[in-house]
Amino acid sequence: MKVAVLGARNVGGTLGRKWARAGHEVMFGVRHTDNPEVRNLAAEVGAQVGSIEEAIAFGDVVVFAIPGRVMAETIRTHGQALAGKIVVDTANRLEEAVSNSAADFVAHAPGVRIFRAFNSIAWENFENPQFGDVQADLFYCGPDGEARVQVEQLISDVGMRPVRVGDVDQVEVVDAVLRLFFALARGQNRGRQLAFKMLTR
């Protein structure tokens with residue numbers, strides 16, 4: 001599938017690299033398209049580099065991996081171009097009362113299919129999601145149907161097992177996993193190499 005990754009630093013760069021290597025068409029959308037680090041990253045995996053506008057137009061799936069502080073402005077500016085697309089919100093607005101951007105997408109991007117994923121653990125675990133013989137799970141939310149199939153494929157291609165907790169109305173449940181991660185990784189000094197696994201009988 002065609003995947004636009006807005007942002008090419010730790011989260012965006014790691015995810016985009018994995019998806020390109022899995023055979024997806026990837027375009028990194030960045031503010032400075034001549035940045036040599038971004039150019040080298042794209043060349044390494046056969047991805048493209050474009051502006052935010054170009055990447056949004058390119059992608060069937062648009063992954064927001066930009067700083068949380070610029071999410072609201074970016075969604076307002078590009079909301080109409082996102083209409084009808086699958087959007088994956090990875091960004092955490094840590095300085096605000098609500099860390100996700102679901103409400104902004106609803107307000108400014110008509111018809112967008114919103115998923116909240118890749119926000120609840122550190123990016124290092126996307127690079128290496130195996131803990132011995134155990135594959136890490138990724139808890140996410142978003143609508144059912146074909147869009148869900150595509151997003152779960154992207155999660156699987158990173159090397160994690162997708163676990164859907166419900167539609168986007170369950171976004172606070174996904175964000176609660178982020179708070180659990182911080183409580184353990186920082187509060188209990190367990191470090192960033194930490195992920196979660198759902199066990200059932």
Side-chain angles (χ1 to χ4, degrees), residues 1-29 41-42 44-50 54-66 81-92 100-102 105 109 111-131 133-171 173-175 177-178 181 195-200:
M1 69 188 81
K2 291 185 175 181
V3 185
V5 181
L6 307 187
R9 302 195 71 178
N10 289 334
V11 175
T14 300
L15 295 177
R17 184 184 292 111
K18 287 243 177 162
W19 290 330
R21 287 176 173 164
H24 300 290
E25 297 180 61
V26 173
M27 179 182 284
F28 292 104
L41 169 63
E44 173 192 334
V45 294
Q48 302 178 55
V49 178
E54 290 169 334
I56 290 172
F58 168 87
D60 299 317
V61 179
V62 181
V63 178
F64 279 73
I66 58 179
L82 291 166
K85 292 183 180 284
I86 299 169
V87 165
V88 180
D89 175 15
T90 81
N92 291 313
N100 67 80
S101 297
F105 285 115
V112 76
R113 288 163 288 175
I114 308 163
F115 289 81
R116 180 70 159 153
F118 300 109
N119 70 296
S120 57
I121 58 176
W123 66 269
E124 292 92 340
N125 301 295
F126 306 145
E127 182 68 40
N128 182 13
Q130 287 290 133
F131 291 76
D133 295 331
V134 179
Q135 177 190 36
D137 290 346
L138 186 75
F139 297 96
Y140 80 96
C141 66
D144 206 352
E146 180 59 31
R148 172 186 177 179
V149 173
Q150 291 178 270
V151 171
E152 290 199 344
Q153 183 63 58
L154 292 175
I155 295 170
S156 296
D157 287 340
V158 169
M160 308 186 81
R161 185 180 72 154
V163 178
R164 179 175 179 263
V165 301
D167 209 331
V168 73
D169 61 349
Q170 298 297 312
V171 67
V173 175
V174 178
D175 287 353
V177 180
L178 171 67
F181 176 84
F196 301 105
K197 187 72 182 175
M198 179 181 70
L199 303 176
T200 58

For Gly166 and Gln170 the tightest heavy-atom approach is CA-CG, 3.9 Å
Can you tell me how far CD of Glu124 sits from CG of Asn10, rounded to the nearest 0.5 angstrom? 7.0 Å
Taking side chain as C-beta onward, heavy atoms only, is Val3 less than 4.5 Å from Leu154? yes
For the CZ atom of Phe196 and the CG atom of Asp137, what is their distance to the nearest 0.5 Å? 11.0 Å
For Val168 and Phe105: C-alpha separation, side-chain torsions, deciding distance, then whether side chain to side chain contact (heavy atoms under 4.5 Å, CB included) applies. CA-CA 11 Å; Val168 73; Phe105 285 115; over 6 Å; no
Measuring from atom CD1 of Ile56 to atom CG of Leu82, what distance do you get when rounded to the nearest 0.5 angstrom? 4.5 Å
Quick one: does Asn125's side chain get under 4.5 Å of Phe131's, heavy atoms only? yes
As a quick check of understanding, evaluate side chain to side chain contact (heavy atoms under 4.5 Å, CB included) for Tyr140 and Asn119, giving each step before the final call. CA-CA 9 Å; Tyr140 80 96; Asn119 70 296; over 6 Å; no
Say whether, by atom type as modelled, one donor and one acceptor occur between the side chain of Arg161 and the main chain of Met198 under 3.5 angstrom. yes
Shortest non-hydrogen contact between Asp175 and Arg116, atoms and distance: OD1-NE, 2.9 Å
Would you say the side-chain atoms of Thr90 pair up with the backbone N or O of Ala117, donor to acceptor, closer than 3.5 Å? no
Side chain to side chain, Pro162 and Leu138, heavy atoms closer than 4.5 Å: no
Atom pair CD/CE of Gln130 and Met160 - distance to nearest 0.5 Å: 9.5 Å
If you look at every heavy atom in Gly7 and Phe28, which pair is closest and at what distance? O-CD2, 3.8 Å
Taking the side chain from Arg164 and the backbone from Gly142, do they hold a donor-acceptor pair closer than 3.5 Å? yes
Does a donor on one side chain sit under 3.5 Å from an acceptor on the other, for Gln153 and Asp157? yes
Side-chain donor/acceptor of Lys18 to backbone N/O of Phe126, under 3.5 Å: yes
Taking every heavy atom of Gly16 against every heavy atom of Val5, the minimum-distance pair comes out as CA-CG2, 4.2 Å
Compare every heavy atom of Ala20 with every heavy atom of Val26, then report the nearest pair and how far apart it is. CG2-N, 3.7 Å
Side chain proximity check, Phe118 to Val158, heavy atoms < 4.5 angstrom: yes
Between Gly13 and Leu41 the two heavy atoms that sit nearest each other are CA-CD2, 3.8 Å
Rounded to the nearest 0.5 Å, how far does CZ of Arg9 lie from CH2 of Trp123? 11.0 Å
State the CZ-CD distance between Arg17 and Glu44, to the nearest 0.5 angstrom. 5.0 Å
Non-hydrogen side-chain atoms of Ile155 and Phe115 separated by less than 4.5 Å: no
